[in-house]
Number of protein chains: 2
Amino acid sequence: MLRAIVKPHEALSRLRQNLLDPLVKKNVTISDIATQANVSKSTVSRVLNDTTPVHEDKRKAVLAAMKKMNFEPNVFARGLASGQSYTIGVVTQNFGSPIYDAISQGVVTGLADTTYSPIFADGQWQPDIGEAVVQTLIGRKVDGLIVIGSSLESSVLDRLKKTIPTVLVGWEVEGWEKQCLFIDNEQAARNATQHLIELGHTQIAHITGIATHQDSMRRLWGYRRALTAAGIEIDEDLIFEGRFDGNSGVLGVESFLMRGKRFTALFASNDATAFGARLALYRRGIRVPEDVSIVGFDNQSEAAFTTPPLTTVRQPAQEMGIAAAEVLLNLLHKKEFTVPKLETELVIRESTRLRGNP
Amino acid sequence: MLRAIVKPHEALSRLRQNLLDPLVKKNVTISDIATQANVSKSTVSRVLNDTTPVHEDKRKAVLAAMKKMNFEPNVFARGLASGQSYTIGVVTQNFGSPIYDAISQGVVTGLADTTYSPIFADGQWQPDIGEAVVQTLIGRKVDGLIVIGSSLESSVLDRLKKTIPTVLVGWEVEGWEKQCLFIDNEQAARNATQHLIELGHTQIAHITGIATHQDSMRRLWGYRRALTAAGIEIDEDLIFEGRFDGNSGVLGVESFLMRGKRFTALFASNDATAFGARLALYRRGIRVPEDVSIVGFDNQSEAAFTTPPLTTVRQPAQEMGIAAAEVLLNLLHKKEFTVPKLETELVIRESTRLRGNP
DNA sequence: CACAGCAGTGAAACCGGTTTCAATTAATTA
DNA sequence: TAATTAATTGAAACCGGTTTCACTGCTGTG
């Protein structure tokens with residue numbers, strides 16, 4: 001016994017819609033499916049979300065109808081009713097920086113084939129912009145947040161923690177152990193410096209990143225620790241405060257040279273800085289690696305093609321992004337999980353070699 | 001005469017909500033504002049959207065109430081009712097490529113301070129992925145689309161054209177003149193090659209990008225035109241098919257050298273390729289620019305710090321992104337506008353110089 | 001002075017889903 | 001075989017806005 005369950009007003013509204021705009025492909029709604037499959041809206045919704053058991057026959061009928069009519073649930077209706085948006089907000093420290101872009105790309109990969117989509121926002125290196133941007137994302141009802149780089153102040157973080165599931169990538173924050181992905185910058189920097197020491201260098205310069213930036217501080221710290229551990233006295237004049245960009249590399253080297261500081265090796269806080277440093281040396285006719293060895297950090301794609309190819313620390317950026325997506329997904333589904341340990345790797349290329357005669 | 005307009009069920013539901021979850025900051029809705037300002041929901045909505053004139057007194061009352069209660073309209077409810085999402089979908093050719101990232105960044109900038117937010121998706125260089133990704137975005141009810149790079153097939157484009165306001169950036173498509181932003185790749189390539197010719201070079205090699213890619217074809221074409229115009233015969237053996245990456249640069253140069261082809265200058269289809277080429281020359285002990293001059297394309301940030309700094313064609317990537325956002329906004333608001341003309345610029349640095357003795 | 005026209009407004013329908021609640025039916029237990 | 005329990009299911013409320021429609025005063029016109 002078939003029944004045609006059509007509410008008077010629903011039929012009317014659909015009719016009117018079609019009359020007014022006959023060219024528009026009418027949107028298939030859950031009600032259409034219900035009619036087609038001869039069940040109620042409720043049942044269709046149940047099949048859709050798998051919340052309550054539905055008799056196999058009906059389930060099949062519903063699925064068939066959905067397929068046949070090419071049904072796609074309306075995200076707004078769904079969001080309004082359920083409160084979920086299936087959207088993840090991603091705040092990046094800076095759009096266009098190789099390392100943050102790579103992490104972002106990882107997030108995209110990690111979210112592919114899930115029901116969630118990322119929506120990106122750029123913190124532009126400024127915590128207050130970051131805060132505003134988070135606000136916008138929350139206004140857009142994102143289900144979760146991934147914050148790349150130390151783009152927020154701790155007060156904002158505290159608030160976030162009780163507001164919305166959040167994962168931090170690329171920086172370590174106390175109290176966030178379960179939802180925080182980062183590499184051991186200090187150890188990595190130590191390894192990098194150690195590599196130079198093992199090659200016989202003792203006069204090793206360092207150009208830092210943005211001084212207040214966590215990565216920068218830890219890399220500087222690792223550099224110091226390596227030197228100290230090797231019994232090499234730290235010369236503060238061989239440390240230059242940079243800003244993570246090519247220009248800092250140029251300025252740093254210029255500064256050392258103008259002050260007559262001697263050094264046979266240089267550890268740069270990131271690859272961009274290393275590129276700049278390499279250029280400054282080139283300008284002075286100082287050879288790499290014959291006269292000065294250089295180590296960078298990040299292993300951005302260009303590092304393999306500089307002259308000479310740059311020895312650098314590889315960050316598993318892509319993997320971090322993927323892992324961040326996974327952790328957040330687990331958080332959202334309240335599943336148990338452990339935060340993966342992320343390892344860096346020193347990629348030895350041709351910008352470093354045994355120290356020659358001083 | 002004040003009236004307390006509170007629907008029984010609304011009051012009840014709010015009460016229950018608060019009882020159940022007293023810690024949760026209850027969401028302020030349009031009804032709350034209506035009650036507070038002593039008007040109807042309709043009026044609040046009118047103030048919110050400025051659709052129908054509202055008496056000044058009431059408007060003020062409503063605005064005051066909204067401010068006082070810190071009201072933010074629910075995007076889902078709004079989207080469901082109005083059909084607008086205030087979201088722009090951005091499909092990029094490839095996440096992580098400097099040039100596309102820069103355009104994306106421009107879009108972000110262009111959309112800042114508007115009511116629209118971008119939501120990004122990565123086409124991963126593959127048209128079919130691009131298509132899927134567009135589908136997802138449409139499923140998310142984006143109000144408009146920005147497609148960066150030639151990431152879609154023309155059949156898909158045709159469909160898009162009648163479905164949703166779309167702007168194309170970084171590629172030219174017939175029939176899309178009013179909503180298409182691109183640079184004159186051919187002219188730019190011609191200028192770049194011309195620059196080499198003016199420096200006295202006649203044996204000028206070229207490494208292309210992905211052969212089927214529009215940018216690549218046009219740059220190749222510009223290269224040919226410049227040579228022909230200068231009366232230089234084109235040597236097909238001096239053209240190598242690359243893939244827009246560093247490795248292509250290495251392979252290209254290796255290929256020329258192994259076949260004993262002589263050249264004193266090289267035009268690379270992009271900077272990444274130029275970097276690779278420069279490395280290959282370095283490996284062979286061939287100097288730049290003394291023995292070989294190199295010109296790249298894109299002016300990505302690293303180009304200024306290579307040894308020597310790379311002469312290259314600057315693309316106004318950021319500006320293109322900004323312009324794309326503007327054009328789309330105008331499209332959405334059905335405003336008149338003209339598509340801005342975007343100019344490239346040859347940035348002459350130190351990788352090119354007068355040809356020495358052959 | 002009667003009537004058309006317009007600014008302003010509230011009630012209620014509507015957008016398209018989810019979820020609660022009660023009812024129906026089938027299966028299980030005593 | 002009667003009573004109880006579990007599995008399914010539909011009706012209706014609800015999410016929070018927008019928009020249509022009808023109605024109230026006022027103003028302008030003849």
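Sequence lines set the chain letters: A, B, ... in the order given, protein chains first and strands last, and positions in each chain run from 1.
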Grab the [atom1]-[atom2] distance between [X] and [N] for me, whole Å please.
X     : N      : atom1 : atom2 : answer
A:D50 : D:dA7  : CG    : C1'   : 15 Å
B:H55 : C:dG8  : NE2   : C1'   : 9 Å
B:N27 : D:dG16 : CG    : C1'   : 10 Å
B:Y86 : D:dG16 : OH    : P     : 19 Å
A:R59 : D:dA7  : CZ    : P     : 15 Å

Less than 4.0 angstrom from a charged side-chain N to a carboxylate O is my criterion; do B:K68 and B:D32 meet it?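 No.
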
Parallel, tilted or perpendicular: which one describes the rings of A:F95 and B:F120, with boundaries at 30° and 60°?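 Tilted.
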
Give me the stems containing DNA chain C, sorted by first residue, counting only three or more consecutive Watson-Crick or G-U pairs with both distances under 3.5 Å; say none if there aren't any.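 Stem segments, range with range: C:1-30 with D:1-30.
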
Carefully, step by step, assess A:D122 and A:T92 under the rule side chain to side chain donor-acceptor pair (under 3.5 Å). CA-CA 5 Å; A:D122 187 354; A:T92 162; 5.3 Å; no

Tabulate atom names and distances for all N/O pairs under 3.5 angstrom spanning the protein and nucleotides 17-19 of chain C.
unit_1: C:dG17; atom_1: OP1; unit_2: A:N74; atom_2: N; d: 3.4
unit_1: C:dG17; atom_1: OP2; unit_2: A:I30; atom_2: N; d: 2.5
unit_1: C:dG17; atom_1: N7; unit_2: A:K41; atom_2: NZ; d: 3.3
unit_1: C:dG17; atom_1: O6; unit_2: A:K41; atom_2: NZ; d: 3.1
unit_1: C:dT18; atom_1: OP1; unit_2: A:N49; atom_2: OD1; d: 3.1
unit_1: C:dT18; atom_1: OP1; unit_2: A:N49; atom_2: ND2; d: 2.7
unit_1: C:dT18; atom_1: OP1; unit_2: A:R78; atom_2: NE; d: 3.2
unit_1: C:dT18; atom_1: OP2; unit_2: A:S45; atom_2: OG; d: 2.5
unit_1: C:dT18; atom_1: OP2; unit_2: A:N49; atom_2: ND2; d: 3.2

Tell me, please, which residues at least two apart from B:S45 pass side chain to side chain contact (heavy atoms under 4.5 Å, CB included).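 Per chain and number, B:S45 pairs via side chain to side chain contact (heavy atoms under 4.5 Å, CB included) with B:I30, B:N49.
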
For A:Q93 and A:G123, indicate whether the former's side chain and the latter's backbone hold a donor-acceptor pair under 3.5 Å.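 Not at all, since once roles are kept as given, no pair shorter than 3.5 Å links the two residues.
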
Whether B:S40 contacts C:dT9 is assessed here as follows: a side-chain N or O lying under 4.0 Å from the phosphate OP1 or OP2. Is that the case?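 Answer is no, no contact under 4.0 Å.
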
Decide whether A:S117 and B:R140 meet the rule of one side-chain donor and one side-chain acceptor closer than 3.5 Å.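 Side-chain D/A pair, A:S117 to B:R140: present.
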
Can a cation-pi geometry be assigned to A:K178 and A:F337, taking NZ or CZ under 6.0 Å from the six-membered ring centre and within 45° of the ring axis?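 Output yes; distance and angle both within limits.
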
Neighbour count above 12 (heavy atom, 6.0 Å) for B:Q126 CD: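 More than 12 heavy atoms, drawn from other residues, nucleotides or ligands, come within 6.0 Å of this atom.
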
